[in-house]
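Just below is one structure, and these are the notes that go with it.
The chains referred to below are lettered A, B, ... by the order of the sequence lines, with proteins before strands, and numbering in each begins at 1.
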There are 4 protein chains.
Amino acid sequence: MTDAFIIVNIWSLQGILMTRIPGSRKEAWEKMMKESLCDAVIEVLKSHKPEKLTMERVAEAAGVSKGTLYNYFRNKEELILYVVAKTFEPLLERLEELVHASQTPVEKIETFVRMALSLPDTHGQLFRAILESEEGLTPKVYHEGAERRMRVVSAISRIIDEGIQAGGFRKTNSMKAAAMILGAVIGRNMLRFQSGESETSDEAAGEFMEIFIHGLVAGGGPGEVKE
Amino acid sequence: MTDAFIIVNIWSLQGILMTRIPGSRKEAWEKMMKESLCDAVIEVLKSHKPEKLTMERVAEAAGVSKGTLYNYFRNKEELILYVVAKTFEPLLERLEELVHASQTPVEKIETFVRMALSLPDTHGQLFRAILESEEGLTPKVYHEGAERRMRVVSAISRIIDEGIQAGGFRKTNSMKAAAMILGAVIGRNMLRFQSGESETSDEAAGEFMEIFIHGLVAGGGPGEVKE
Amino acid sequence: MTDAFIIVNIWSLQGILMTRIPGSRKEAWEKMMKESLCDAVIEVLKSHKPEKLTMERVAEAAGVSKGTLYNYFRNKEELILYVVAKTFEPLLERLEELVHASQTPVEKIETFVRMALSLPDTHGQLFRAILESEEGLTPKVYHEGAERRMRVVSAISRIIDEGIQAGGFRKTNSMKAAAMILGAVIGRNMLRFQSGESETSDEAAGEFMEIFIHGLVAGGGPGEVKE
Amino acid sequence: MTDAFIIVNIWSLQGILMTRIPGSRKEAWEKMMKESLCDAVIEVLKSHKPEKLTMERVAEAAGVSKGTLYNYFRNKEELILYVVAKTFEPLLERLEELVHASQTPVEKIETFVRMALSLPDTHGQLFRAILESEEGLTPKVYHEGAERRMRVVSAISRIIDEGIQAGGFRKTNSMKAAAMILGAVIGRNMLRFQSGESETSDEAAGEFMEIFIHGLVAGGGPGEVKE
DNA sequence: GATGAATGAGTCTTCATTCAT
DNA sequence: TATGAATGAAGACTCATTCAT
């Protein structure tokens, strides 16, 4: 009974705080909530496979009710989209900063490879989660994913271009080379995730760099491949 | 009584013989049906994402009823396992033949890369389908998948070893290099599938080879990377 | 091929044997088959719960095909009805013989109790199986079951009547007493089946007889119960 | 920042308090719903045999949707387990009170017999339903059922022991005698259910008592049965 | 008559989403 | 706005029964 009274007060308090001052405070609240839900998604993915990522579990992990999720995200897809964006945005930013960093192109690429290969498993789960997000490849999912990939490829290609212009790199189609490099780290991550390999990302990165930089052929020089 | 005796004899004979002959025919039929269902799975995957691969849809695509599927496969997992095996087995065999083919190691690797990059999208879908098969990575799914991956990596590593011994290849850990190459083609395929790239597999293969063989660095020679 | 030829011969042979002489031989065949299927049902119930008694399993246990079952029984219910009849008929007959045997009424009842309590578990399963037979209490199932029960009760009541007339038994409504006795052994069997008791049927029978014959009250004499 | 702090506090408070109070109401609702679903199960069993007791039908009988059932019971087995417990618990309690009631042992047993024989048919159906619940005798079902039976047998045996000590009852193994009495009433109920007998439970109880107390044999005294 | 592949209704269960409070 | 009970559309799987050979 006493409790009930307090609740009413809190409610009205919240009502006042939340609705009277519409702008910043409300937005702050919404932002906090969204991030909280983000964390909840990541949390759930730590202990459940993507196909077991249910709204119920997310709500529970976030300490809110299922219905609340729908006040912040129209549906499951939007939630996941948001989480993915939130998760990869910092990585993208770091990558884009890397382009202009004061390192040699080789060092930059190595940094990227290390970064990518050290993404924790959760990120691999996220990749799968987004792929499975109900409706699947809706235009929205497709578009956002493609855009993000393009930013990665573009950043890497600019590093390669830098290498070419600086004279050290072989003249190659930088975009395609970048796409290959991205594919390589994605695939390598998938393999590691699937097979539970114990190889550290450091070891894997070393391997990658050796081949990316020098190729398989000793003294690969100007010698021609097939083409 | 005498009659009964005769009858029993006939009966047992009939039991044994009647089922023996239809045997070969039955097996042929079963094989045809299984392949037909395989095709149906592939067909469904052409227009649906793996999580929408339902027994219902497979049955419909195969032009049979749901129940029929269960006359050929104990459950969904077995169906998918079968399809995956059926699909990748020929590729594996071609790869393993390739190891002993009369080509240079570089040519062999290029052949593999071309082969792998020309896999239709459906194969990528299959990879995902197997990962999602109901409970996810059941022991069986995991084991078969891991085994198959191992065969691929092993075959590629033998090609690399050959290249190293023949003197042309840089001395590297062939298993790890092979795992990287496999990862690269898997990832590249994923990217192409996701982004609907129009690049032909031939172009992609050329790119791959150039970098795999010579590396990014011109005249990469014996120069050291970081390490 | 040679095999195929033999089969054709056997088939035509069977065709001749079976259809030319329509009466006895055909009936004998049918009877044998039916009994064989009966055994198969019992066999299945030894290793499966009644709800797992499928036509498939019965066919397999009988070494015939599923379709064949339907040449001898219109449907599952009829099959089970037949099995139940076949199984309990001998027991009923023994019971009815017992009525006229040269034993004291007490001995006769004890014999019945021992008989009933020593029915193997399979019989308990049969009871459940018949209760679950698809349509459940169809008029047919109901009628046959009721009739059989009535024969049991009737037989026991005649034994009791004999005891009353011979002077030893208390004057009671023999039909009701008989129904109670039957209920008691059925219930006792159910309990034993459910709880996996290890008590031998001999021990159980001793217990039963002591109470049935003398009652709980020492020197129960002519003393009145409540009524 | 300050704002954020306040918000967080409100939030956590709200989280805690908002769910506490509805708590009692929620629990009340849950209890009501569960009982409602219980009734629905009973209702279904009045017109369907246990094997036709489907979640669908229960939901329909309760006037809710199928999915709702799963908000209150994890699965069918739990639902049935709950119903059985709910149904038999009061009877068990009455029985256990009876043990210490101020009646003679004979009266107590008669009370129990009357109680047991007046159980509505639905209870018999429930017994069967629990036995058939999906996988059949799962450990949980088995254990709870066995425990409940044991409580009944134990209660009756204590009554018998009382009778023996008071001097009136024949010295017998009270547990076994109790098991027999329970078996007798269970079996008698089954018979009544199956055959649709119209005998009132009062008549049946009278019959039971006469035989249980005095036995079949007039003046059964200390006379020996077989053994 | 024997066969067994095909059928499809029926069962349990999950989960995204809605909506009254 | 938060809540969480209710919903119902799917989905995997079973099995009695049919029917072409």
Side-chain angles (χ1 to χ4, degrees), chain A residues 11 14-15 18-19 26 29-30 33 51-59 64-72 74-77 79 134-135, chain B residues 11 14-15 18-19 22 25-26 29-30 33 51-57 59 63-77 79 134, chain C residues 11 14-15 18-19 26 29-30 33 51-59 64-72 74-77 79 134-135, chain D residues 11 14-15 18-19 22 25-26 29-30 33 51-57 59 63-77 79 134:
Chain A
W11 261 121
Q14 189 215 34
M18 292 297 92
T19 54
K26 191 171 172 182
W29 174 275
E30 180 164 335
M33 183 56 115
E51 61 269 23
K52 295 296 179 189
L53 176 70
T54 67
M55 295 302 261
E56 177 81 47
R57 275 191 258 267
V58 173
V64 300
S65 87
K66 221 176 348 177
T68 301
L69 300 187
Y70 288 86
N71 289 330
Y72 297 92
R74 229 196 323 254
N75 52 37
K76 193 182 176 184
E77 188 189 1
L79 167 60
E134 266 317 281
E135 307 310 309
Chain B
W11 182 240
Q14 186 213 35
M18 273 313 286
T19 48
R25 201 165 316 188
K26 183 190 157 190
W29 174 263
E30 180 165 336
M33 184 57 121
E51 62 271 19
K52 293 298 179 189
L53 176 70
T54 68
M55 294 304 260
E56 180 81 46
R57 273 192 259 268
V64 299
S65 86
K66 211 180 357 174
T68 300
L69 299 188
Y70 289 87
N71 288 333
Y72 296 91
F73 299 98
R74 236 199 313 263
N75 52 39
K76 192 181 175 184
E77 189 189 2
L79 167 61
E134 265 319 280
Chain C
W11 261 121
Q14 189 214 35
M18 293 296 93
T19 53
K26 192 171 169 181
W29 173 275
E30 181 165 332
M33 182 57 116
E51 61 269 24
K52 294 297 179 189
L53 176 70
T54 67
M55 295 303 260
E56 178 81 45
R57 276 192 256 266
V58 172
V64 300
S65 87
K66 224 179 341 180
T68 300
L69 300 187
Y70 288 85
N71 288 329
Y72 296 91
R74 229 195 325 254
N75 52 37
K76 193 181 177 185
E77 188 190 1
L79 166 60
E134 268 316 283
E135 307 310 310
Chain D
W11 183 242
Q14 185 214 36
M18 272 314 284
T19 48
R25 202 165 317 190
K26 182 190 158 190
W29 174 263
E30 180 165 335
M33 184 55 120
E51 62 271 19
K52 294 297 180 189
L53 177 69
T54 68
M55 294 303 260
E56 181 81 47
R57 274 191 260 267
V64 299
S65 85
K66 214 178 354 175
T68 300
L69 299 188
Y70 288 86
N71 289 333
Y72 297 90
F73 299 98
R74 238 200 312 265
N75 51 40
K76 192 181 176 184
E77 189 189 2
L79 167 60
E134 267 318 281

Whole angstroms only, please: what is the CD-C1' distance between Glu56(D) and dA10(F)?
14 Å
Quick check for you: among dA2(F), dT3(E), dT13(E), whose closest atom lies nearest to any side-chain atom of Met55(D)?
dT13(E)
Please tell me which of the listed nucleotides, dG11(F), dC12(E), dA16(E), lies nearest to the side chain of Lys76(A)?
dA16(E)
Which of these nucleotides, dT3(E), dT3(F), dA6(F), is closest to any side-chain atom of Trp29(D)?
dA6(F)
Candidate nucleotides dA5(E), dC15(F), dT7(E), ranked by approach to the side chain of Val64(B) - the nearest:
dT7(E)
Indicate, yes or no, whether a donor-acceptor pair under 3.5 Å links the base of dA5(F) to the side chain of Asn71(D).
no
Whole angstrom value for the distance that separates C1' of dT14(F) from CZ of Phe73(B)
18 Å
Classify the nucleic acid contact of Leu79(D) as base, sugar-phosphate or nothing, counting any heavy atom under 4.0 Å across all strands shown.
nothing
What contact category does Thr54(D) fall into here, base, sugar-phosphate, or nothing, at under 4.0 angstrom with non-hydrogen atoms?
sugar-phosphate
Say whether, by atom type as modelled, one donor and one acceptor occur between the side chain of Lys66(D) and the main chain of Arg57(D) under 3.5 angstrom.
no
Does Tyr72(D) reach a base, just sugar-phosphate, or nothing at all? Heavy atoms under 4.0 Å.
sugar-phosphate
Separation of atom CG in Asn75(C) from atom P in dC19(F), rounded to whole Å:
15 Å
Check the distance between dC15(E)'s P and Glu77(A)'s CD and give it to me in whole angstrom.
18 Å
Which of dA16(F), dA2(E), dT14(F) is nearest the side chain of Lys66(C)? It is dA16(F)
Within this structure, what is the CZ-to-C1' distance between Arg57(C) and dC15(F), rounded to whole angstrom?
10 Å
NA contact type, Leu69(A), heavy-atom cut-off 4.0 Å: base, sugar-phosphate, or nothing?
nothing
OH of Tyr70(D) versus C1' of dA16(E): gap in Å, rounded?
18 Å
